[in-house]
Amino acid sequence: MVAAIKLAVAVIVVLNIDYCKSADLIVGNSSSLIVFTDNIKLSSIPLTSRNKNVFYNGNVIIKGINVIDLEKSEGKVSITAGGVGFTFTNIRIKGEKGKELNYLVQIFA
């Protein structure tokens with residue numbers, strides 16, 4: 001029963017995050033142990049938006065995810081699979097047209 005409730009909450013969180021228009025994404029508890037960190041940096045291409053998928057698959061339950069836009073652009077970040085409460089996550093970063101991507105991704109367990 002508890003597992004079903006956790007799954008339902010996780011699905012609702014993922015669906016709500018997908019509609020988020022903010023360049024930064026902060027989900028869950030970020031005061032735990034960092035298990036993954038990556039600096040995503042892609043140069044700009046005129047008239048094109050840069051996209052990047054970040055995949056993480058670990059052995060511990062994810063307690064928090066921070067994706068910080070270091071350029072403060074109007075890009076979009078969404079969790080497309082997994083996330084808080086799972087041992088894996090897929091994060092999609094879509095940059096603003098004609099701008100570079102510069103994001104810091106942190107996953108906490």
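For reference, positions follow the sequence shown, starting with 1.
Taken from NZ in K72 to NZ in K99, the straight-line distance is 15.0 Å, to the nearest 0.5 Å. Rounded to the nearest 0.5 angstrom, N51 CG and L101 CG are separated by 7.5 Å. In this structure, CD on E71 lies 9.5 Å from OH on Y103, to the nearest 0.5 angstrom. Going from atom CZ of F86 over to atom CG of N57 covers 12.5 Å, rounded to the nearest 0.5 Å. One distance of note links CG of L42 with OG of S49; it measures 11.5 Å at 0.5 Å rounding. Considering CD of E96 and OG of S44, their distance stands at 11.0 Å, rounded to 0.5 Å.
Between I40 and V105 there is a side-chain heavy-atom pair separated by less than 4.5 Å. Under the 4.5 Å side-chain criterion, counting only non-hydrogen atoms from C-beta, V35 is in contact with V60. N90 is not listed as a side-chain neighbour of V54, based on a closest heavy-atom distance of 4.5 Å or more. The shortest distance between side-chain heavy atoms of R50 and E100 does not fall below 4.5 Å.
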Go through it in stages, so that I can follow the logic: the residues are I65 and T89, the test is side chain to side chain contact (heavy atoms under 4.5 Å, CB included), and I'd like the CA-CA distance, side-chain angles, deciding distance and then a yes or no. CA-CA 9 Å; I65 300 172; T89 188; 3.9 Å; yes

From CA spacing to verdict: side chain to side chain contact (heavy atoms under 4.5 Å, CB included), V67, D24: CA-CA 6 Å; V67 184; D24 292 345; over 6 Å; no

For the pair I34 and I107, evaluate side chain to side chain contact (heavy atoms under 4.5 Å, CB included) and give the outcome as yes or no after the intermediate values. CA-CA 6 Å; I34 294 179; I107 299 176; over 6 Å; no

Apply side chain to side chain contact (heavy atoms under 4.5 Å, CB included) to N59 and T87, showing your working. CA-CA 6 Å; N59 296 325; T87 59; over 6 Å; no

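Annotation for L104: hydrophobic cluster partners, listed by chain and number, are I26, I68, L70 (ILVMFWY side-chain heavy atoms under 4.5 Å, direct or chained).
Annotation for N39: atom CG counts as buried by contact number, over 12 foreign heavy atoms lying within 6.0 Å.
With respect to Y56, the ring pair (Phe, Tyr, Trp, His ring centres under 6.0 Å) criterion is satisfied by exactly one of F36, F108, F88: F36.
When all heavy atoms of N66 and S30 are compared, the closest pair comes out as ND2-CB, 3.4 Å.
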